[in-house]
Amino acid sequence: MIDRAAVRFGVVRSLVIDHPLVTQKLTALRDKHTDNTTFRLLADELVTLLAYEATRGIRVNEITVETPLESTKGVKLASPTPVIVPILRAGLGMLDGMLRVLPTAEVGFLGMVRDEQTLIASTYADRLPDNLKGRQVFVLDPMLATGGTLVAAMELLFERGADDIVAIALIAAPEGIARVEQAFGKDVNVTVVTAGLDAGLNDRGYIVPGLGDAGDRLFGAVGNAN
Ligand code: URA
């Protein structure tokens, strides 16, 4: 199930952020005439807007603060700090936008590549904290297509002890959302936040209408890298 109104349902929740500025930036990202430089700027701005919604469940502790006039109640981010995990290569284009909202987060890196024939994801780089016990994790991957990469990444993060994972994607396909929903039972907290839910996948596993290859749009075509 996909919730356009950003209301929690079931165990995996999927939020399609319905805001005119989000849609305007996504539209410009989709445009094939948008150059790499502009694309990077827009992706950065868009992630910052998505991060605002994606961090709605961030853990905080209540504190008392002294204003110049009197004391009042407020909150500070709880420990341990959240971890942001961009999935290389394209997730790197989302990191700065996320760090702008969560500057004290730790950053871990996962390099994942999908075989363009089988569409199966494999891990080629793992620079994560060994122990993610009790950590909230924000996974950044611009395109939630088949869901294979995201599910593999989330399984690894749960194995390391993460207990709450929010994935942020610029665009998602219904197939990818369904795969994430099927992969995780009711014992885990998983949220997918996206700017757009597209029609589906083409026969090469690309999201349509989509925006093309997110890595190439961000960084230029470098061989077959994701
Ligand atoms: N990866 C991309 O970069 N684009 C898609 O449409 C699907 C996967």
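Both counts, for ligands and for their atoms, begin at 1 and track the order of listing. Computed over heavy atoms, backbone and side chain alike; hydrogens, waters and symmetry mates excluded. Starting from 1, each residue takes its place in the sequence as its number.
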Contact atoms of ligand 1, heavy-atom distance to Gly212 under 4.0 Å | 2 (C), 3 (O), 4 (N), 5 (C), 6 (O)

Between Ser79 and Asn61, the two heavy atoms sitting closest are N-ND2, 4.5 Å

For Pro174, the option from Leu201, Leu197, Ile207 that meets side-chain contact (heavy atoms from CB on, under 4.5 Å) = Leu197

Purely on distance, is any nitrogen or oxygen of Ile207 under 3.5 Å from one on ligand 1?
-> yes

Salt-bridge present (Asp216, Arg89; N to O < 4.0 Å) = yes

Contact summary for Asn36 and Arg217, nearest pair of heavy atoms = ND2-O, 2.7 Å

Give a yes/no on ligand 1: does Gly205 have at least one heavy atom closer than 4.0 angstrom to it?
-> yes

Taking distance alone, with no angle check, do Met143 and ligand 1 share an N/O pair under 3.5 Å?
-> no

Got an N/O contact under 3.5 Å between Ala214 and ligand 1?
-> yes

State whether the number of non-hydrogen atoms from other residues, nucleotides or ligands found under 6.0 Å of Arg56 atom CZ is greater than 12.
-> no

